[in-house]
Trainee: 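Before we start, here is the structure in question, set down as structure tokens.
All of these numbers come straight from a predicted model, not from anything done at the bench. Chain letters run A, B, ... following the sequence lines, proteins first and then strands; every chain starts at 1. Worth knowing before you read on, the calculation uses all heavy atoms, side chains too, and leaves out hydrogens, waters and symmetry mates.
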There are 2 protein chains.
Amino acid sequence: MLQLTKRTEYGLLALVHLAEREGAVVSVREICERYPLPRRTVAEVLKELQHAGLVDSTRGSNGGYTLARTPELLTLGDVVSALEGAPPLTTCESPIVLKGGGCEVQPMCPIKSPIHRVRERLWQMLEHTTLRSLVSKTAHVPLGAPGAVESN
Amino acid sequence: MLQLTKRTEYGLLALVHLAEREGAVVSVREICERYPLPRRTVAEVLKELQHAGLVDSTRGSNGGYTLARTPELLTLGDVVSALEGAPPLTTCESPIVLKGGGCEVQPMCPIKSPIHRVRERLWQMLEHTTLRSLVSKTAHVPLGAPGAVESN
DNA sequence: GCAAACCGCACTCAAAAGGTGCGGATTCAA
DNA sequence: TTGAATCCGCACCTTTTGAGTGCGGTTTGC
Ligand code: SF4
Ligand code: SF4
């Protein structure tokens, strides 16, 4: 399904919050007080982002995460790539799996090449969308609004 | 996962074949002799495409499917839309589901708007890719190549 | 009448996504 | 020193989605 995973959304939200608090060490708890997200899963995602080198972690009592680069150098593509792998878009062209022998149609596939082209474009779009552009557009939203949601 | 479903690929392959045999009534059997695909599932897909008005069906002994429009007017977007619904890209912005009450973050979501923008772009790409462009690029491939695949 | 094709529903099976349990290590601060 | 807060790592479970099939029916041409 042509859709981003929830994990990716969580990651983006977390990164946006990290960017807003530029430089500060931010705990998962704080992120989940800002947005009504499952704490544990967000932690999972942050861990993956740290593995991918997008954020740095500080352990201990006042620990948390910080951006590893400036928001200008952090793209949507980086996040997607870190959390979902490069977008294959088709079953073949996937650098990861290729299990089960791959697609039988491949040698005669007429749609492989055109779809590959679409994939490249999509990827370019993602890589040209920086975290900065996500933050700036919402820097003026009211922060104090009590959402009053109950999930976790 | 940012990926097209196999059903969509099957649909595209079928449509390409229909386009190649312009106007002719083509049976599912013939498509599956051309490409090594699970016959039954392709039939399922064709049925969906017919429901969406992309192909016409003819019943009976010499029955099969034909394109409902010319390849120039049939876009990748039409196919994806028919088989997967419009690409939501995010959990919200999905015109179909919205079950479970939708996303709790929505009222304060900083990434909704930018991602929506990406989605629009993607959608435009898909809608500007016609079936014709898929066919023409492979009109010269050798058709008699015996792939020698065993599935189905 | 028979065979070939589409029609329609519902059902199973497998994979992916989403989320959690639990114990451990690290740091800070009282 | 003690304890609370935080990240760490692995494995596990549950829900959702995707892929494919069973089976009987209807339509059409020979
Ligand atoms: S070879 Fe063609 S049909 Fe097979 S996975 Fe790639 S694009 Fe899809
Ligand atoms: S509101 Fe934001 S977090 Fe929620 S589904 Fe939409 S984009 Fe994702």
Trainee: Can you tell me how far P of C/dA15 sits from CD of B/Gln3, to the nearest Å?
Mentor: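 Distance check: B/Gln3 CD to C/dA15 P gives 15 Å.
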Trainee: Measure from the side chain of A/Arg40, starting at C-beta and using heavy atoms only, and say which of D/dG9, C/dG8, C/dA5 lies closest.
Mentor: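 Side chain of A/Arg40 sits closest to D/dG9.
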Trainee: What nucleotide, of C/dG19, C/dA16, D/dC8, holds the atom closest to the side chain of A/Lys47?
Mentor: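 In terms of side-chain proximity for A/Lys47, the closest of C/dG19, C/dA16, D/dC8 is D/dC8.
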Trainee: Using the side chain to side chain donor-acceptor pair (under 3.5 Å) criterion, which residues pair with B/Arg69? Sequence neighbours excluded.
Mentor: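 If we apply the side chain to side chain donor-acceptor pair (under 3.5 Å) test to B/Arg69, skipping adjacent residues, the hits are B/Asp78.
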Trainee: Once you round it to whole Å, what is the distance between C1' of C/dA15 and CD of A/Glu84?
Mentor: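 The answer, rounded to whole Å, is 16 Å.
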Trainee: Check the interface with nucleotides 26-30 of chain C: list each N/O to N/O pair with the protein under 3.5 Å, or write none.
Mentor:
unit_1, atom_1, unit_2, atom_2, d
C/dT27, O2, A/Ser61, N, 2.9

Trainee: From NE2 of B/His51 over to P of C/dC9, roughly how many Å is that when rounded to an integer?
Mentor: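 Going from NE2 in B/His51 over to P in C/dC9 covers 8 Å.
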Trainee: How close do A/Arg21 and A/Val26 get, heavy atom to heavy atom, and via which atoms?
Mentor: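 Reported closest heavy-atom pair: CB-CG2, 4.1 Å.
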Trainee: Tell me which of B/Thr8 and A/Ser57 sits closer to the 5' end of DNA chain D, going by the nucleotide each one is nearest to.
Mentor: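 Nearest-nucleotide comparison on DNA chain D picks A/Ser57.
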Trainee: Verify the contact: side-chain N or O of B/Tyr10 to OP1 or OP2 of D/dA19, cut-off strictly under 4.0 Å; return yes or no.
Mentor: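 It does not, given that no N or O in the side chain of B/Tyr10 lies less than 4.0 Å from OP1 or OP2 of D/dA19.
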Trainee: When the distance from CG of B/Leu83 to P of D/dG20 is rounded to whole Å, what number comes out?
Mentor: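 The answer, rounded to whole Å, is 14 Å.
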Trainee: Expressed as a whole number of angstroms, how long is the span from B/Arg7:CZ to C/dA15:P?
Mentor: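 Rounded to the whole Å, the gap is 16 Å.
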Trainee: For B/Glu44 and D/dA19, give me the distance from atom CD to atom C1', rounded to whole Å.
Mentor: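 My rounded result for the distance is 10 Å.
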Trainee: Within a radius of less than 6.0 Å around CD of A/Glu33, do more than 12 heavy atoms belonging to other residues, nucleotides or ligands occur?
Mentor: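 Count over threshold, so yes.
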Trainee: Roughly, in whole Å, what's the span from CE in A/Met1 to P in D/dT17?
Mentor: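 It is 6 Å, rounded to the nearest whole Å.
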Trainee: For a side-chain contact (heavy atoms from CB on, under 4.5 Å) check, start with the C-alpha distance between B/Leu73 and B/Thr130, then their side-chain angles and the critical distance, and finish with the verdict.
Mentor: CA-CA 7 Å; B/Leu73 294 180; B/Thr130 68; over 6 Å; no
Trainee: Base, sugar-phosphate, or nothing: which does A/Arg29 touch, judged by heavy atoms less than 4.0 Å apart?
Mentor: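 A/Arg29: backbone/sugar contact only, no base atoms under 4.0 Å.
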Trainee: Establish, with yes or no, whether the OP1 or OP2 oxygen of D/dC8 is under 4.0 angstrom from a side-chain nitrogen or oxygen of A/Gln50.
Mentor: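 Answer is yes, contact under 4.0 Å.
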Trainee: Before giving the answer on side-chain contact (heavy atoms from CB on, under 4.5 Å), spell out for A/Leu13 and A/Ile31 the whole-Å C-alpha distance, their side-chain angles and the decisive distance to 0.1 Å.
Mentor: CA-CA 8 Å; A/Leu13 288 169; A/Ile31 294 174; 6.0 Å; no
Trainee: Roughly, in whole Å, what's the span from CD in A/Glu48 to P in D/dC7?
Mentor: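 One finds 15 Å between P of D/dC7 and CD of A/Glu48, rounded.
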Trainee: For C/dG18, does the base pair up with any side-chain atom of A/Arg39 as donor and acceptor (N or O, under 3.5 Å, distance only)?
Mentor: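 Under the 3.5 Å cut-off, the side chain and the base do not form any donor-acceptor pair.
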Trainee: Can you check whether B/Tyr65 has a side-chain N or O nearer than 4.0 Å to OP1 or OP2 of C/dA5?
Mentor: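 Looking at the OP1 and OP2 atoms of C/dA5, neither is under 4.0 Å from any side-chain N or O of B/Tyr65.
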Trainee: Name the one of B/Leu83, B/Thr41, B/Leu49 that satisfies side chain to side chain contact (heavy atoms under 4.5 Å, CB included) with B/Tyr10?
Mentor: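 Running side chain to side chain contact (heavy atoms under 4.5 Å, CB included) over B/Leu83, B/Thr41, B/Leu49 with B/Tyr10 returns exactly one hit, B/Thr41.
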Trainee: Could you tell me whether the side chain of B/Glu84 and the main chain of B/Thr8 form a donor-acceptor pair under 3.5 Å?
Mentor: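 Checked: no pair found.
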